[in-house]
Amino acid sequence: IGGLGQVGKELTKFLLKKGNKVHVITNKKSRKKIKNSVISILDISNKKKVFKFLKKNKINYIYFLASHNIASTEKETESLNDKNIKTNVISLTNFLNYIYKHNRKIKLFYSSSSHIFNNQLRYPQKENTRAKFSSFYGLAKFLGKEICEFYRNEKKIFCSVGIMYTNVSINIGKNFLIKTIISQLKSKRKFVKLNNPNAKIDIISTKDAVKAMYKIMQLEKSSTFIISRNKFISIKQIYNQISKKMGINKKILINSKKNKNKKDNYLLGDNKKIKKMTKWKPVDNLNDIVELFFQK
């Protein structure tokens, strides 16, 4: 679900290589295709249609990745907020209800987000760290996490949650960090404008994130996991790596308007639990991540 998004595309390819039959669910007609997968148009907010789809196709595993994310430089809108709540509450519950009522052998993975900790000053964050969010997106991802944990604990179904920290693939939107840096370095301007070069993020490749999801779904019991590197990387480090790769070095200007009144980001995930329970660990380093954007 959300199989045509950044993470969804990577996950679909990974699952196909493992020999699975994959249904990619989208809510509208799309020219996008992923070779050997089945593209299914489905209104996931419609309970009857969801139940009919799951029964007809004999689904064994559900990866719920659907969401409406935006870059940090973009603003949330009322329409986007409504869609996020609808997707992460009503639509998610439709799938969980089917599992509970009709087939408890189905395993579900829900993709939550580190945005549930955006206002949390303590780090690194753990699975039981108190959520403190500052956006409707964070609220929606928090509600989805709580719903899954309710169904897991009270309805006794397999429902794992991955609290996803920043993950990157070539499928990210043009307004996201790495692509904006590359675009500015290619431009004729003599400088690169960044909101805060000293800001730090916890970043992994989407490829590594997908492997984490898969390993979580192979466990006998479901749980909630932090999916992160557990290491800070600054925006300046990311810029330097890209600049070195391109052989272009420009002066960095701080976007004072965007940076004004902006709090420091303390999003750092403690990944000890997933490492211990699944033996997963992130493989790709910063150089590997940057290299993805220059492969032919």
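Keep in mind that the numbers below use all heavy atoms, side chains included, and drop hydrogens, waters and symmetry copies.
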side-chain contact (heavy atoms from CB on, under 4.5 Å) for Glu78 and Asp82? Distances and angles first, verdict last. CA-CA 6 Å; Glu78 188 173 336; Asp82 290 344; 4.2 Å; yes
Check whether the side chains of [X] and [Y] place a donor and an acceptor atom closer than 3.5 Å, and report yes or no.
X      : Y      : answer
Gln184 : Arg189 : yes
Tyr165 : Asn230 : no
Ser37  : Lys13  : no
Gln6   : Asn167 : yes
Tyr266 : Gln125 : no
Asn88  : Lys141 : yes
Thr224 : Arg152 : yes

Give, for atom [atom1] of [X] and atom [atom2] of [Y], the distance between the pair rounded to the nearest 0.5 Å.
X      : Y      : atom1 : atom2 : answer
Asp270 : Thr129 : CG    : OG1   : 8.0 Å
Ser228 : Asp202 : OG    : CG    : 4.5 Å
Ile44  : Leu92  : CD1   : CG    : 8.5 Å

Tell me whether the NZ or CZ atom of Lys107 lies within the 45° cone about the ring axis of Phe158 and under 6.0 Å from its centre.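 Because its charged atom sits under 6.0 Å from the ring centre and within 45° of the axis, Lys107 does stack over Phe158.
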- Tell me, yes or no, whether the heavy-atom count around Phe133 atom CZ, taken from other residues, nucleotides or ligands under 6.0 Å, exceeds 12.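 Yes, CZ of Phe133 has more than 12 neighbouring heavy atoms, counting only those of other groups under 6.0 Å.
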message = Does Arg104, at its CZ atom, have more than 12 non-hydrogen atoms belonging to other residues, nucleotides or ligands within less than 6.0 Å?
response =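 Yes, because the 6.0 Å sphere around CZ of Arg104 holds more than 12 heavy atoms from other groups.
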message: I'd like to know whether the aromatic ring centres of Tyr214 and Phe14 sit less than 6.0 Å apart in this structure.
response: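 Ring centroids of Tyr214 and Phe14 are less than 6.0 Å from each other.
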Could you tell me if the ring centre of Phe142 sits under 6.0 Å from that of His115?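 Not under 6.0 Å, so no.
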| task | Would you please classify the geometry between the Tyr110 ring and the Phe64 ring as parallel, tilted or perpendicular, with 30° and 60° separating the classes? | result |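 Judged by the thresholds at 30° and 60°, the geometry between Phe64 and Tyr110 is tilted.
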Q. Are Lys245 and Glu291 close enough for a salt bridge, meaning some N to O gap below 4.0 Å?
A.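 Yes.
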In terms of hydrophobic clusters joined by side-chain contacts under 4.5 Å, are Val38 and Ile106 together?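 As far as the 4.5 Å side-chain criterion goes, Ile106 and Val38 are not connected within one cluster.
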Is there a path of hydrophobic side-chain contacts, each under 4.5 Å between heavy atoms of I, L, V, M, F, W or Y residues, that connects Phe176 with Phe294?
->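 Yes.
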*Kindly indicate, with the supporting measurements, whether the criterion side-chain contact (heavy atoms from CB on, under 4.5 Å) is fulfilled by Leu16 and Asn20.*
CA-CA 5 Å; Leu16 287 169; Asn20 297 282; 6.0 Å; no
- Message: Working note: Ile85 + Leu139, criterion side-chain contact (heavy atoms from CB on, under 4.5 Å); need CA distance, chi angles, decisive distance, verdict.
- Response: CA-CA 8 Å; Ile85 297 297; Leu139 169 61; 4.2 Å; yes
- Task: Starting from the C-alpha separation in whole Å, work towards a yes-or-no answer on side-chain contact (heavy atoms from CB on, under 4.5 Å) for Glu127 and Ser223.
- Result: CA-CA 9 Å; Glu127 288 79 7; Ser223 190; over 6 Å; no
Note to self: Donor-acceptor check, side chain of Lys250 to backbone of Leu185, threshold 3.5 angstrom: yes or no?
What the structure shows: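 Yes, because the side chain of Lys250 sits within donor-acceptor range (under 3.5 Å) of the backbone of Leu185.
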inquiry  = Any side-chain to backbone donor/acceptor pair from Asp208 onto Asp284? Under 3.5 Å, distance only.
reply    =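 Judged by distance alone, yes, a pair lies under 3.5 Å.
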Quick test of your reading: applying ring-ring contact (aromatic ring centres under 6.0 Å, His included), list the pairs with at least one residue in residues 184-204, sequence neighbours left out, ordered by first then second residue.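 For residues 184-204: none.
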Distance-minimising heavy-atom pair for Ile203 and Val168: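 Where Ile203 meets Val168 most closely, the heavy atoms are CD1-CG2, 3.4 Å.
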